[in-house]
Amino acid sequence: MPELPEVETIRRTIAPAIVGKEIVRVEVLTPKMLLGASPAEFCQTLRGRRFQTVERRGKYLLFQLEEVNQTQAAKAAANFWLIIHLKMAGRLLLHRTGDPLEKHTHILWGLADGTELRYVDLRHFGRVVLWSGEQVPGLEPGRPAKASAAGEITATPELVSGLERLGPEPLSAAFTLDYLRAGLAGRKGRVKSLLLDQTFIAGLGNIYADEVLHRAGIHPEREARQLQLAEVERLYAAIREILTEAIALRGTTFATYVDGEGRKGEFANRLAVYGRDGQACPRCGTPVVRRRLGGRSAHFCPHCQR
DNA sequence: AAGGGCCCCTGAAAGC
DNA sequence: TGCTTTCAGGGGCCCT
């Protein structure tokens, strides 16, 4: 379940190991993970290019590519991006070329220095898109951008349209108390459902939504528009605090998550409610409750969260 | 607008 | 003990 802190940790561990390095070999072992290009197009386009930047937007990873030894004209003509969403169980791992292949390895990028970036995904839910365009859609943290004109390779809308429609980055200046207040006002849905809505805020998933609501002392089933200003202020602070702390601890390993170096995240030790149903709330000792909400499990303290 | 259900998929855990 | 069923979940999509 990589959410914003896990994806950011992966970005930070992967980036220094691949930026500036040329891709000399690409293998697609599971074609269905690819959108927008055939395996042959995918491999051919990536070979001979170099990772230029690695960015994150919400739970998406965005790899900008540049051609090795290209002229300025060629540079302008073909700007490619690799867009990856890890969904439930996707992992990006750094290996030496020739290391034994882990089960559920789907894509390999062999680099010129003998290292290899691997996409591994037990659930096969994640997707990888090759995107051609001057700019990648939705990159600005504040407002969704319109898609730039695509080149000869057209990405399948599914993944890219999700990227385009993302709401603001919760740790950016674009995510203000006023934005949160205005967004909650008038919404009849439950506050937790809204926190999980990626078009409202980018990057929260089930774990951090539950943790944020616990820190803010707000019941997940509260109607969004009924929150008082003091509660919205607590919610706003909790979102930024929890995400910042989780990034500092390199994310949460609950089941399968590891970063690019194979390391687990340490925020699991800090979880107050998620996965702790029946155990004592760290604040008041009341047993944590788990309840089905919108097809997902919600964990909360019935005493602290009203 | 918002909620429910379905789907993708595998492996762990629970049920029989 | 061993086979079968259930469940977990990000998010797109469809239907009401």
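Chain letters run A, B, ... following the sequence lines, proteins first and then strands; every chain starts at 1.
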Please report the distance, rounded to the nearest Å, between [atom1] in [X] and [atom2] in [N].
X         : N       : atom1 : atom2 : value
Arg290(A) : dC7(C)  : CZ    : P     : 11 Å
Arg296(A) : dG3(B)  : CZ    : C1'   : 13 Å
Met88(A)  : dC7(B)  : CE    : P     : 17 Å
Tyr208(A) : dG11(C) : OH    : P     : 14 Å
Arg165(A) : dG12(C) : CZ    : P     : 6 Å
Arg187(A) : dA2(B)  : CZ    : C1'   : 9 Å
Leu196(A) : dG10(C) : CG    : P     : 7 Å
Glu6(A)   : dG9(C)  : CD    : P     : 14 Å

Does a side-chain N or O of [X] approach OP1 or OP2 of [N] to a distance below 4.0 Å, or not?
X         : N       : value
Lys59(A)  : dG11(C) : yes
Arg123(A) : dG11(C) : no
His85(A)  : dG11(C) : yes
Gln198(A) : dG11(C) : yes
Lys32(A)  : dC8(B)  : no
Ser297(A) : dG9(C)  : yes

Quiz prompt | Ring centroids of Phe125(A) and dG9(C) base under 5.5 Å with planes under 30° | solution =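 No; by the centre-distance and plane-angle rule, Phe125(A) does not count as stacking on dG9(C).
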
Practice problem: Kindly determine whether His106(A) and His124(A) satisfy ring-ring contact (aromatic ring centres under 6.0 Å, His included), including the steps that lead there. | Solution: CA-CA 9 Å; His106(A) 303 303; His124(A) 300 213; 4.5 Å; yes

Of the nucleotides [options], which has the atom closest to the [X] side chain?
X         : options                   : value
Arg190(A) : dG4(B), dC9(B), dG9(C)    : dG4(B)
His104(A) : dG10(C), dG11(B), dC9(B)  : dG11(B)
Tyr274(A) : dG9(C), dG11(C), dT10(B)  : dG9(C)
Leu122(A) : dT10(B), dG10(C), dG12(C) : dT10(B)
Arg292(A) : dG11(B), dT10(B), dG9(C)  : dG9(C)

Quiz item: Can we call the ring centroids of Tyr208(A) and Tyr274(A) under 6.0 Å apart?
Solution: no

Quiz prompt | Touch class at under 4.0 angstrom, heavy-atom based, for Gly189(A) against every strand present | solution = sugar-phosphate

Exercise. Verify the neighbour count for atom CD of Glu245(A): are there more than 12 heavy atoms of other residues, nucleotides or ligands below 6.0 Å?
Key: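 Counting neighbours around CD of Glu245(A), more than 12 heavy atoms of other residues, nucleotides or ligands fall under 6.0 Å, so yes.
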
Quiz item: Around Arg270(A), counting heavy atoms of other residues, nucleotides and ligands shown, do more than 12 lie under 6.0 Å from its CZ?
Solution: no

Quiz item: Are Asp121(A) and Tyr119(A) close enough that a side-chain donor and a side-chain acceptor fall under 3.5 Å?
Solution: yes

Quiz item: Could Arg25(A) and Glu116(A) be called an ion pair, given the rule that one side-chain N must be under 4.0 Å from one carboxylate O?
Solution: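 Salt bridge between Arg25(A) and Glu116(A), a charged N being under 4.0 Å from a carboxylate O: yes.
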
Quiz item: Is Arg127(A) side chain donor-acceptor paired with the dG11(C) base, going by distance under 3.5 Å alone?
Solution: no

